[in-house]
There are 2 protein chains.
Amino acid sequence: MTELLSSTVEDYLEAIFNLEKDKKAVRVKDIAQKMMVKLPTVTSMLNTLLQKGLIEHEKYEYVELTEKGLKVAREVDRRHGILRNFLTNILKIDARQAEEDACKMEHAISSVTFEKLVQFIEFIEMCPRGGSEWLGYFEQYCGGGYRKEECLKHMSGFIEECIRKLEKAKSSKEVKVMPDKQLKDLSPGEKARITRVTGRGSAHRRLLDMGVVPGSTIEMERIAPLGDPIEVMIKGYHLSLRKEEASHVFVEVS
Amino acid sequence: MTELLSSTVEDYLEAIFNLEKDKKAVRVKDIAQKMMVKLPTVTSMLNTLLQKGLIEHEKYEYVELTEKGLKVAREVDRRHGILRNFLTNILKIDARQAEEDACKMEHAISSVTFEKLVQFIEFIEMCPRGGSEWLGYFEQYCGGGYRKEECLKHMSGFIEECIRKLEKAKSSKEVKVMPDKQLKDLSPGEKARITRVTGRGSAHRRLLDMGVVPGSTIEMERIAPLGDPIEVMIKGYHLSLRKEEASHVFVEVS
DNA sequence: TAAGTCAGTTAGATTAATCTAATTATATGA
DNA sequence: TCATATAATTAGATTAATCTAACTGACTTA
Ligand SMILES: [Mn+2]
Ligand SMILES: [Mn+2]
Ligand SMILES: [Mn+2]
Ligand SMILES: [Mn+2]
């Protein structure tokens, strides 16, 4: 079904995808500039992409991704974003290097491994034994000044408070039987767990493809004036959803 | 200085390196089999490798890595091993997939990012807030049965004991002024931190290239009858050192 | 030692991704 | 509207990595 595409092909799709986000129309020249190649190289690649049904393009006209091309591009872009965030936020690699490495790694990881990595990143971020505090100790470790006792003692102070808070939250939840909320009801900055994604057909598929699946953690970033579009962070990756799309997503605040 | 080699070239070097470890002599056929290509492909690649000074090879004869080729191959193999271990031990990817992904990722990561990842893996393994116990909770998280309280409470029980143990170790260290040990003095299974790597020249360089650098954690695996070779685990990667090499490595048991 | 087998090489083709040089189309502006 | 500049395409070459088919060398064995 899913023919495998070379990493070069994936990178061109990614480039076109990003140009479409920035500008209205994508020209051959723009792609050449972004990919740092000459114009005939792009023309040649466009024929390849056309052949594979990934873009629409007529001689001397603008370039557009097809539904199929868009799907691939979105997935590549998602991987790129998640890997870049992992490298910058967790490993603390500098932005330029993280960008470069992410754009190579995005083609080298199988989807089963990638999704497992996504879960691991989520786990690091949400587990009270991990989190940004712990990552701070990782930096200390890299600098050579890490001391186990300090890390543990800090955890020790933190831990009782955490347990108390969690138990309180749990008991209040038991009483109230917290109902599902719609995604749009979250306020900016609020995090939730996706419980259901309703709907059918390609729109539904697109949501799942973007990582909007039950069980994932989602964070509201902002809602535009008329509730459209809605910007969210999911699996460490920034997404823009249309109001209609968001209406199919139900969440539970933890 | 270090010309960049294609990932294909790196994989051929890696294959030859592993064949050299297994068998006495490496034949064109062996390489073809391991790389899953036809014989003329190998002949052609051998010319490329010869040109680049990475192998020694005369028509119809066996293939051998040069010092230069060996250095590259060892580094690729090290990356491969560390990535595979990360994928299997931490992300719990199944062996076949981990092998495959590791062999692609090994070419996609810059050395600064890779070394940072190595440190992160080390940190996960050595920090008392991480470790295999914590990774168990990650598995639970993946299965959907993770509960923060349980993870925290377990930590809570564990933590006092840890702190007591650490403080005891610390105070006894302060009294005794623990002297440096030689690597060979470690007993199998014992872990230590590398404090010094003495010596000069290419032998010294080789040690550093293999990851035997001050600050790294090293674990003794076994010492052969006459103390040669010595097998150790460093940065999650299995290494075999000659007695002479090991004599330059000083460690501190933590 | 000559025949037969298998390993290895040579020759030549293919595909993907790039380039330069030359040509053609589109857009601008006088 | 026409000349010119800019964008895009076409043609043709190159390089890396692979293949098949044909040939050659080396090793074994009768
Ligand atoms: Mn890329
Ligand atoms: Mn990318
Ligand atoms: Mn590889
Ligand atoms: Mn490999």
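In what follows, chains are A, B, ... by sequence order, proteins preceding strands, each numbered from 1.
- Atom pair A:Met35:CE and C:dT18:C1' shows a separation of 11 Å (rounding to whole Å applied).
- At whole-Å resolution of the value, CE in A:Met36 and P in C:dA17 are 17 Å apart.
- Here the options are A:Val118, A:Val249, A:Val213, A:Ile194, the test is side-chain contact (heavy atoms from CB on, under 4.5 Å), and the partner is A:Ile234; only A:Ile194 passes.
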Inset, instruction - Could you run through nucleotides 22-29 of chain C and give me one letter per nucleotide, 5' to 3': B if any protein heavy atom sits under 4.0 Å from the base, S if only the sugar-phosphate is that close, - if neither? - result: --BSS---
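- Scanning both residues, B:His57 and B:Val63, for their nearest heavy atoms gives CD2-CG2, 3.8 Å.
- Protein atom CD of B:Glu58 is 12 Å distant from nucleotide atom P of D:dA26, rounded to whole Å.
- Remark: the B:Ser110 side chain and the A:Gln97 side chain contain an N/O donor-acceptor pair separated by less than 3.5 Å.
- Distance, A:Tyr12 OH to C:dA17 C1': 8 Å, rounded to whole Å.
- Counting heavy atoms from C-beta on, the side chains of B:Met233 and B:Thr217 never come closer than 4.5 Å.
- Less than 4.0 Å separates DNA chain D from at least one heavy atom of each of the following residues of residues 43-56 of chain A: A:Thr43.
- Regarding contacts with the backbone of D:dA7, a side-chain N or O of A:Lys29 is found under 4.0 angstrom from either OP1 or OP2.
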Legend entry - A:Arg84 and A:Leu87: CA distance, side-chain angles, deciding distance, side chain to side chain contact (heavy atoms under 4.5 Å, CB included) verdict: CA-CA 5 Å; A:Arg84 188 195 43 226; A:Leu87 298 181; 5.8 Å; no
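- In this structure, of D:dT18, C:dT18, C:dA17, it is C:dA17 that holds the atom nearest to the side chain of A:Ser6.
- At the phosphate of D:dT18, neither OP1 nor OP2 sits under 4.0 Å from any side-chain N or O atom of B:Lys38.
- One interatomic measurement links the two molecules: CG of A:Leu5 to P of C:dA16, which rounds to 12 Å at whole-angstrom precision.
- For the ring pair (Phe, Tyr, Trp, His ring centres under 6.0 Å) test, residues two or more places apart in sequence or in another chain that qualify with B:Phe138 are A:Phe120, A:Phe123.
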Inset, instruction - Tell me, with the steps shown, if B:Asp11 and B:Met35 meet side chain to side chain contact (heavy atoms under 4.5 Å, CB included). - result: CA-CA 8 Å; B:Asp11 279 339; B:Met35 296 297 293; 3.8 Å; yes
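- Looking at heavy atoms from C-beta onward, B:Leu183 lies in side-chain contact with B:Leu241 at the 4.5 angstrom threshold.
- Out of C:dA17, D:dT9, C:dT9, the shortest distance to the side chain of B:His57 is found at C:dT9.
- Distance B:Leu39 CG to D:dT20 P: 11 Å, rounded to the nearest Å.
- Rounding to whole angstrom units, CZ of residue B:Arg27 and P of C:dC6 are separated by 13 Å.
- The distance between atom CD of B:Glu3 and atom P of D:dA16, rounded to the nearest whole Å, is 13 Å.
- Between B:Asp77 and B:Arg74 no salt bridge is recorded (no basic side-chain N to carboxylate O distance below 4.0 Å).
- Backbone-only engagement by B:Thr8 is indicated by non-hydrogen atom pairs under 4.0 Å involving sugar-phosphate atoms exclusively.
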